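First up is the structure itself, then whatever we jot down about it.
Counting begins at 1 with the first residue of the sequence. Note that the coordinates shown come from a computational prediction; the quantities given were computed from them, not determined experimentally.
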Amino acid sequence: MASTAKDKAIIELVKFSETPVPWCDEFEKMISGMNFRSANSQVMLDHKFEIRRLCKLFSDEPILADSSYQSLEVHRLSIIRKIIGRLGGETNIECSFFCTWGCNTFIGKTCYINRSVQIFDSAPVIIGDRVLIGPGVGIYTDTHEVDFTARQASERGSFAKPVKISDDCWIGAQVVILPGVTIGSGCTISAGAVVAKDIE
C-alpha cells in the first residue's frame with residue numbers, strides 16, 4: 001500500500017547524493033513511497049533521460065585498439081560517478097548496467113557488481129560495503145497496488161519502497177530483489193532466488 005505523506009527521513013537521506021537530484025514535489029512523493037507519476041514533472045523526465053544516456057554510454061563504450069583494462073576501468077568509473085548517488089572506494093561495476101534515477105542508489109566500498117545488473121531505484125537502494133552482486137541481478141523498488149480497484153483509483157500510478165543490502169552479502173546470479181526488502185549482514189542469496197521478504 002502506498003504511503004499517504006512524505007517521508008522526511010528518506011528525503012534527508014537522498015540529500016546526501018553526490019550526483020544531481022531532480023528535486024520537485026513529484027520526486028519527493030516518489031522517494032517517500034507515495035503514488036507518483038514521473039510524467040507529471042518535466043524535471044524528472046529530463047533527469048531520467050540523462051541517466052539513461054549515461055548508462056548507455058557506460059555500457060556501450062567501444063574498446064579501442066590502444067585501450068587497456070586499466071584505462072577502460074578508469075573511463076567507466078568517470079561515467080558511473082555521474083550516475084550513482086554515492087559510490088564507495090574500490091567498488092567495481094561491470095557493464096552493461098542500468099538504473100532509473102541513479103541519485104537514489106548508494107553503494108559502499110569494495111563492492112563488485114557483475115554484468116547486466118538492473119536497479120530500479122524510485123526509492124533509495126542502499127548497498128553496504130564488500131557486497132558481491134552476480135550477473136543479471138534485478139533490484140526493484142517500484143510496485144503497484146495489488147488490488148485492482150486501488151490501481152484504478154491511483155490511475156495506474158506507481159509507488160516505491162526502499163531496498164537495503166547490508167555489508168558482506170553475496171547476491172547470486174539472476175536474483176530478483178523485490179520492493180521493501182532488507183537483506184542482513186553476511187547473507188548469501190542463491191542464484192535465481194526471488195527475495196520477497198526481509199532476510200537476516
Side-chain angles (χ1 to χ4, degrees), residues 10 13-14 16-19 21 31 51-63 67-143 160-200:
I10 286 181
L13 170 67
V14 175
F16 285 99
S17 174
E18 295 172 354
T19 56
V21 177
I31 63 176
I51 295 303
R52 190 158 298 182
R53 185 188 71 79
L54 288 169
C55 284
K56 184 167 178 56
L57 181 64
F58 176 84
S59 298
D60 295 345
E61 180 193 6
I63 300 176
S67 296
S68 67
Y69 184 83
Q70 289 79 9
S71 68
L72 183 65
E73 194 173 59
V74 166
H75 184 68
R76 283 202 334 245
L77 185 61
S78 73
I79 297 169
I80 205 72
R81 285 199 180 280
K82 297 176 183 175
I83 298 172
I84 300 299
R86 180 169 289 177
L87 187 68
E90 298 182 38
T91 285
N92 187 22
I93 300 176
E94 300 286 357
C95 63
S96 61
F97 173 81
F98 172 85
C99 65
T100 311
W101 302 100
C103 58
N104 295 331
T105 296
F106 300 83
I107 303 174
K109 62 187 179 184
T110 325
C111 295
Y112 180 72
I113 298 177
N114 214 315
R115 299 177 65 82
S116 302
V117 169
Q118 300 184 82
I119 302 176
F120 293 80
D121 58 343
S122 293
V125 172
I126 300 169
I127 298 171
D129 298 334
R130 300 173 301 280
V131 172
L132 303 173
I133 297 181
V137 168
I139 301 171
Y140 303 92
T141 67
D142 301 75
T143 189
K161 297 179 179 180
V163 168
K164 181 179 180 183
I165 302 171
S166 302
D167 296 346
D168 300 304
C169 289
W170 175 21
I171 312 299
Q174 303 289 328
V175 167
V176 172
I177 301 174
L178 296 180
V181 164
T182 294
I183 298 174
S185 296
C187 287
T188 299
I189 309 298
S190 62
V194 176
V195 184
K197 61 182 181 179
D198 293 354
I199 297 176
E200 295 184 9

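- Trp101 has its side chain out of reach of Ile31: every pair of non-hydrogen atoms, C-beta onward, lies at least 4.5 Å apart.
- Side chains of Pro135 and Ser116 form no contact here, defined as non-hydrogen atoms less than 4.5 Å apart.
- For Ser59 (side chain) and Cys55 (main-chain N/O), a donor-acceptor pair under 3.5 Å exists by modelled atom type.
- Salt bridge present: Glu94 and Arg76 bring a charged side-chain N and a carboxylate O closer than 4.0 Å.
- For the pair Arg81 and Leu77, the minimum side-chain heavy-atom distance is below 4.5 Å.
- Counted by atom type alone, Tyr140 and Gln118 present zero donor-acceptor pairs between their side chains at under 3.5 Å.
- The backbone N or O of Thr100 sits less than 3.5 Å from a side-chain atom of Asp121, completing a donor-acceptor pair.
- Checking Thr91, Ile165, Ile183, Ile171 one by one against Ile127, the side-chain contact (heavy atoms from CB on, under 4.5 Å) holds for a single residue, Ile165.
- The backbone N or O of Phe120 lies less than 3.5 Å from a partner atom in the side chain of Thr141, making a donor-acceptor pair.
- In this structure a side-chain-to-backbone donor-acceptor pair under 3.5 Å is present from Arg115 to Cys95.
- Not one N or O on the side chain of Ser17 forms a donor-acceptor pair closer than 3.5 Å with the backbone of Val14.
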> For Ile83 and Ile51, what are the C-alpha separation, side-chain angles and deciding distance, and is it a side chain to side chain contact (heavy atoms under 4.5 Å, CB included)?
Replying inline: CA-CA 6 Å; Ile83 298 172; Ile51 295 303; 4.2 Å; yes
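- Side-chain contact between Ile133 and Cys111 is absent, with no heavy atoms from C-beta onward closer than 4.5 Å.
- The side-chain contact (heavy atoms from CB on, under 4.5 Å) test with Leu87 singles out one residue from Thr105, Thr19, Ile107, and that residue is Ile107.
- Side-chain contact between Ile189 and Cys169 is absent, with no heavy-atom pair separated by less than 4.5 Å.
- Asp167 places a side-chain N or O within 3.5 Å of a backbone atom of Asp129 that can act as its donor or acceptor partner.
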